[in-house]
K.L.:
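This structure is in structure tokens; I'll ask about it shortly.
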Protein chains: 2
Amino acid sequence: MSNADEQAGPTVSGSLAHRVPDLGALELLLAVARLGSLGGAARELGITQPAASSRIRSMERQLGVALVDRSPRGSRLTDAGALVTDWARRIVEAAEAFDVGAQALRVRRDSRLRVAASMTIAEYLLPGWLLALRAQRPDTAVSLHAGNSTVVAERLLSDEADLGFVEGLSVPAGLDSAVIAHDRLIVVIAPGHAWARRRRSLAADELASTPLILREKGSGTRQVLDAALGGLARPLIELSSTTAVKAAAVSGAGPAVLSELAVGEELAMRRLVSVPVDGVALARDLRAVWPTGHRPTGPARDLLSLTRG
Amino acid sequence: MSNADEQAGPTVSGSLAHRVPDLGALELLLAVARLGSLGGAARELGITQPAASSRIRSMERQLGVALVDRSPRGSRLTDAGALVTDWARRIVEAAEAFDVGAQALRVRRDSRLRVAASMTIAEYLLPGWLLALRAQRPDTAVSLHAGNSTVVAERLLSDEADLGFVEGLSVPAGLDSAVIAHDRLIVVIAPGHAWARRRRSLAADELASTPLILREKGSGTRQVLDAALGGLARPLIELSSTTAVKAAAVSGAGPAVLSELAVGEELAMRRLVSVPVDGVALARDLRAVWPTGHRPTGPARDLLSLTRG
DNA sequence: TGGCGGCATAAGCTGGGTTTATGAGCAACG
DNA sequence: CGTTGCTCATAAACCCAGCTTATGCCGCCA
């Protein structure tokens with residue numbers, strides 16, 4: 001109703017939160033899909049049957065689509081309902097990753113597994129691992145601290161963490177490590193930029209002589225790039241988060257260099273395209289690390305075994 | 001507080017919806033991250049500054065983590081806040097996909113682009129495409145109808161749809177088509193099953209002689225598999241949705257055959273592992289289709305151009 | 001023909017999120 | 001050195017979404 005609503009297209013009104021049912025409603029819908037009954041879903045979520053009934057109904061009203069076929073002997077999803085339920089599942093899965101991550105961020109002294117990880121890993125990989133860990137060891141309380149390689153090493157060596165994850169080129173002194181995955185930095189650009197239509201690969205000197213959107217000096221990503229180019233990377237802008245770099249690249253500010261972990265989605269949806277590069281070592285290992293000699297045991301060992309392919 | 005809360009692990013209480021902030025709060029957090037000020041974010045979302053302040057505060061209370069550093073000249077994310085914001089962004093992106101999909105499901109006679117698509121495509125690919133389409137043509141109203149190849153063909157030929165997407169082996173009569181992507185069926189199994197540790201590939205006859213978790217006869221997925229095996233696939237169970245098949249496989253019921261589009265997440269998180277297969281043609285094309293002669297124009301052409309790699 | 005499981009409707013309560021109104025800290029500027 | 005303008009915090013009043021309890025209708029099955 002206020003003035004900020006009119007900026008978007010004509011089919012849109014209000015913010016996302018007004019057009020998308022809340023998490024409770026989506027969970028309820030998933031339960032109905034799984035159990036085939038409103039009352040059953042209500043019981044599972046610890047609410048009453050009328051509450052479930054009304055909530056599903058108001059969700060249908062909100063979306064303008066019938067989701068559930070009610071009958072005196074149960075409820076089944078409509079075709080549209082099945083589709084909506086699948087889309088809802090994505091939201092709920094993202095929420096589960098959020099939840100397990102947020103729980104780990106809470107500093108708790110009863111943590112049975114203390115993890116320290118670099119930003120990129122904490123952002124993209126750890127929630128999935130923690131979810132898997134919780135699936136097989138539901139009562140393991142995990143705490144997470146994110147920081148660069150130096151911080152990870154400090155926490156491990158001062159016994160403030162049991163297991164670390166780093167993404168740099170070298171393993172900090174005093175730590176043993178195991179490679180758990182491989183990552184590659186890639187050059188990305190908004191579609192529409194001239195580079196997006198190039199056929200030849202970029203050469204190293206071409207990359208080094210072009211101003212790029214980069215993470216700040218000191219970040220793992222920047223270290224790898226500087227090393228690969230011999231410290232010659234020319235920044236167009238320096239930004240302090242992967243997300244900011246992505247946003248700048250998507251908006252057409254110029255070419256950016258990012259971990260392929262960070263841009264999978266953008267590449268798939270063609271908001272960014274990657275530019276092949278020749279003769280530059282942009283691969284890097286993602287490693288689990290622990291104090292030399294102290295092989296991970298207990299929960300740390302469980303988590304480690306989840307992470308290796 | 002009610003009796004259903006105690007079923008989960010000791011660190012958990014209540015459902016996801018009680019532990020994860022609602023979409024409005026997450027959107028607000030993203031706005032704060034982007035604009036660097038609570039008041040600014042509030043203005044953008046069309047609420048007042050105290051509302052934003054209180055909402056962020058209650059989110060911090062809920063998560064047990066400080067998210068923003070307030071100062072008399074703005075607010076910045078804490079380290080934990082940056083991580084939380086990135087995880088929140090995933091939820092919001094899933095919600096955007098949900099939103100654009102749900103809007104398209106609403107039957108509207110003012111639709112400027114009417115799409116008919118097979119289930120797998122509607123489920124996994126279309127929301128992303130629609131999001132991209134909305135980014136470059138914000139005022140295009142899209143309607144979506146999901147069904148199998150036959151239904152898609154009928155709707156196109158009776159002028160109830162402008163553009164279709166199918167995943168079968170053959171193009172229905174009366175339609176022209178363009179391949180927009182490739183898909184492969186893969187055999188997946190819960191880790192722990194003997195096949196998960198196999199080194200050799202499966203042979204065709206081995207696959208044909210093993211009872212499998214399958215989609216029902218008539219589904220696109222099943223058609224491709226039956227054709228590849230010469231109609232010999234032995235069902236262990238037949239289920240009516242991709243999701244149900246996945247759930248059965250994850251729970252260890254046996255090997256399943258699914259589109260690789262459907263199991264990317266599960267493979268990455270090792271809830272499922274794929275079993276290599278030899279000598280069976282499980283690849284299939286994903287095609288855009290339209291009535292013979294009527295080359296897509298206008299919004300249909302825009303969408304089509306977004307989908308081809 | 002009860003009994004059971006499924007869903008809908010109605011009435012009343014509660015709490016979270018909102019608004020308006022106000023105050024206080026810090027910076028820049030004449 | 002006060003004024004203006006930005007920031008955020010607090011307090012009180014309000015409103016509505018979603019919950020519960022209570023009830024009724026429908027269909028299936030023993």
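Below, chains carry the letters A, B, ... as their sequence lines are ordered, and counting in each starts from 1. All values below come from the heavy atoms of this structure, side chains included, with hydrogens, waters and symmetry mates left out.
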K.L.:
Taking the nucleotide of DNA chain C with the nearest heavy atom to each, does P50(A) or G74(A) sit closer to the 5' end?
P.N.:
G74(A)

K.L.:
Just the rounded figure in Å: distance from C1' of dG16(C) to NE2 of H18(B).
P.N.:
12 Å

K.L.:
For the pair E93(A) and K246(B), find out whether any cationic side-chain nitrogen is under 4.0 Å from an anionic carboxylate oxygen.
P.N.:
no

K.L.:
Between P on dC16(D) and CZ on R61(A), what's the gap in Å once rounded to a whole number?
P.N.:
14 Å

K.L.:
Any side-chain N or O of R43(A) under 4.0 Å from OP1/OP2 of dG6(C)?
P.N.:
yes

K.L.:
Taking C-beta and beyond as the side chain, do L105(B) and W87(A) meet within less than 4.5 Å on heavy atoms?
P.N.:
yes

K.L.:
Measure from CD1 on I56(A) to C1' on dT9(C) and round the result to the nearest Å.
P.N.:
17 Å

K.L.:
When you match R55(A) and P72(A) each to their closest nucleotide on DNA chain D, which lands nearer the 5' end?
P.N.:
R55(A)

K.L.:
Would a 4.5 Å heavy-atom cut-off, applied to side chains only, mark T221(A) and L258(A) as touching?
P.N.:
no

K.L.:
Counting heavy atoms from C-beta on, name the nucleotide in dC8(D), dT20(D), dC7(C) closest to the side chain of I47(A).
P.N.:
dT20(D)

K.L.:
Rounded to whole angstrom units, what separation is found between the CZ atom of R76(B) and the C1' atom of dC8(D)?
P.N.:
17 Å

K.L.:
Hey, does T48(A) reach any base, or is it just sugar-phosphate, or nothing, if we go heavy atoms under 4.0 Å?
P.N.:
base

K.L.:
Using a 4.0 Å heavy-atom cut-off, does D69(B) contact any base of the nucleic acid, only the sugar-phosphate backbone, or nothing at all?
P.N.:
nothing

K.L.:
Nearest-Å distance, CD (E44(A)) to P (dG6(C))?
P.N.:
14 Å

K.L.:
Within the pair R57(A) and dA8(C), is there a side-chain N or O less than 4.0 Å away from OP1 or OP2?
P.N.:
yes

K.L.:
In the structure I gave you, are the side-chain heavy atoms of R222(B) and P235(B) within less than 4.5 Å of one another anywhere?
P.N.:
yes

K.L.:
Can a side chain N or O of R70(B) be found less than 4.0 Å away from OP1 or OP2 on dT7(D)?
P.N.:
no

K.L.:
Looking at dC7(C), I'd like to know if its phosphate oxygens (OP1 or OP2) sit under 4.0 Å from a side-chain N or O belonging to S53(A).
P.N.:
no

K.L.:
For dC8(D), does OP1 or OP2 lie under 4.0 Å from any side-chain N or O of S75(B)?
P.N.:
yes

K.L.:
According to the side-chain hydrogen bond (donor to acceptor under 3.5 Å, both in side chains) rule, which pairs have a member within residues 46-55 of chain A, sequence neighbours left out?
P.N.:
D22(A)-R55(A)

K.L.:
Using a heavy-atom cut-off of 4.0 Å across all strands, would you classify S54(B) as base, sugar-phosphate, or nothing?
P.N.:
base

K.L.:
In whole angstrom, what separates M59(A)'s CE from dA17(D)'s P?
P.N.:
16 Å

K.L.:
In whole angstrom, what separates E27(B)'s CD from dG17(C)'s C1'?
P.N.:
15 Å

K.L.:
Roughly how many Å is it from CG in D22(A) to C1' in dG18(D), rounded to a whole number?
P.N.:
9 Å

K.L.:
Choose from dT7(D), dA8(C), dA9(D) the nucleotide whose nearest atom is closest to any side-chain atom of Q49(B).
P.N.:
dA9(D)

